[in-house]
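Please read the structure below before turning to the comments.
In what follows, residues are counted from 1 in the order of the sequence shown.
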Amino acid sequence: MPLKTVLSFYLWGIPGKACGTIILSAEELGNCRDCATMKFCAHKLDKKDFFGKSDPFMVFYRSNEDGTFTICHKTEVVKNTLNPLWQPFSIPVRALCNGDYDRTIKVEVYDWDRDGSHDFIGEFTTSYKELCRGQNQHNVYE
């Protein structure tokens with residue numbers, strides 16, 4: 001089981017007055033050296049732009065031992081489509097799931113907006129074990 005460390009420090013700005021707390025949480029990475037290459041597509045995404053179609057991108061999150069999620073990959077934005085085909089990408093398996101093939105992976109899909117206020121389209125959860133099955137009926141997400 002990976003080692004997890006949590007450290008907490010007080011921030012001091014004005015002498016004698018605490019200005020907040022910073023919490024550092026770290027999880028030991030497994031020694032898995034596998035690398036995953038993945039390619040995703042979507043069909044009939046929700047239209048989020050008033051003019052034109054959506055500009056979708058995906059954000060992948062690794063689940064942590066404490067139940068939180070950490071971003072581990074973002075895809076490129078595919079402009080003006082409801083049926084995107086993202087470029088294949090490679091990611092170390094330990095970055096995606098710390099070598100635990102059953103660990104939850106959360107994927108969110110957004111419509112990119114120039115001002116940074118990206119619109120949420122949807123999300124799904126899976127695992128690396130499921131993704132390894134390749135393109136099949138179990139790897140289709142609403």
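Here Asn98 contributes atom CG and Arg103 contributes atom CZ; the two are 5.0 Å apart, rounded to the nearest 0.5 Å.
Between Ile91 and Ala95, the shortest heavy-atom contact is CG1-CB, 4.2 Å. Considering every non-hydrogen atom in both Ser63 and Thr104, the closest pair reads OG-O, 3.0 Å.
Note on Leu82: it does not cluster hydrophobically with Val78, by side-chain heavy-atom contacts below 4.5 Å among ILVMFWY residues. Under the 4.5 Å side-chain heavy-atom criterion for ILVMFWY residues, a single connected hydrophobic cluster contains both Leu96 and Phe124.
Residues Ile105 and Val107 form a side-chain contact, since some pair of their non-hydrogen atoms from C-beta on lies under 4.5 Å apart. Using a 4.5 Å cut-off on side-chain heavy atoms (C-beta onward), Glu130 and Ser127 make contact. Contact check for Pro56 versus Thr81: side-chain heavy atoms found under the 4.5 Å cut-off. Side-chain contact between Leu11 and Thr21: absent, with no pair of heavy atoms (C-beta onward) separated by less than 4.5 Å.
Judged as a ring pair (Phe, Tyr, Trp, His ring centres under 6.0 Å), and not counting sequence neighbours, the contacts of Phe89 are Phe60, His73. For Trp112, there are no side-chain hydrogen bond (donor to acceptor under 3.5 Å, both in side chains) partners at least two apart in sequence or on another chain. Scored by the side-chain hydrogen bond (donor to acceptor under 3.5 Å, both in side chains) test, Asp102 finds no partners at all (sequence neighbours excluded). When the side chain to side chain contact (heavy atoms under 4.5 Å, CB included) test is applied to Thr70, the partners found at least two apart in sequence or on another chain are Arg62, Asn64. Applying the side chain to side chain contact (heavy atoms under 4.5 Å, CB included) test to Lys48 and every residue at least two apart in sequence or in another chain returns Asp46, Ser54, Asp111, Asp119, Ile121. With sequence neighbours excluded, the residues that form a ring pair (Phe, Tyr, Trp, His ring centres under 6.0 Å) with Tyr110 are Phe57, Phe120. Not counting sequence neighbours, the partners of Lys106 by the salt bridge (charged side-chain N to carboxylate O under 4.0 Å, His left out) test are Glu108. Listed by chain and residue number, Tyr141 satisfy the side-chain hydrogen bond (donor to acceptor under 3.5 Å, both in side chains) test with Thr126 (two or more places apart in sequence, or in another chain).
Residue pairs satisfying the salt bridge (Lys or Arg N to Asp or Glu O under 4.0 Å) criterion with at least one member in residues 74-83, sequence neighbours excluded, are absent. Residue pairs meeting the side-chain hydrogen bond (donor to acceptor under 3.5 Å, both in side chains) criterion with at least one member in residues 33-44, sequence neighbours excluded: Asp34-Tyr101, Thr37-Ser90.
Looking only at distances, no side-chain donor or acceptor of Asp113 sits under 3.5 Å from a matching main-chain atom of Asp115.
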List the steps, then state whether side-chain contact (heavy atoms from CB on, under 4.5 Å) holds for Leu45 with Asn83. CA-CA 7 Å; Leu45 291 178; Asn83 302 299; over 6 Å; no
Check against side-chain contact (heavy atoms from CB on, under 4.5 Å), Phe40 and Leu131: CA-CA 11 Å; Phe40 288 87; Leu131 292 173; 4.2 Å; yes
Passes side-chain contact (heavy atoms from CB on, under 4.5 Å), Asp100 versus Arg94? Steps please. CA-CA 8 Å; Asp100 178 356; Arg94 69 180 183 189; over 6 Å; no
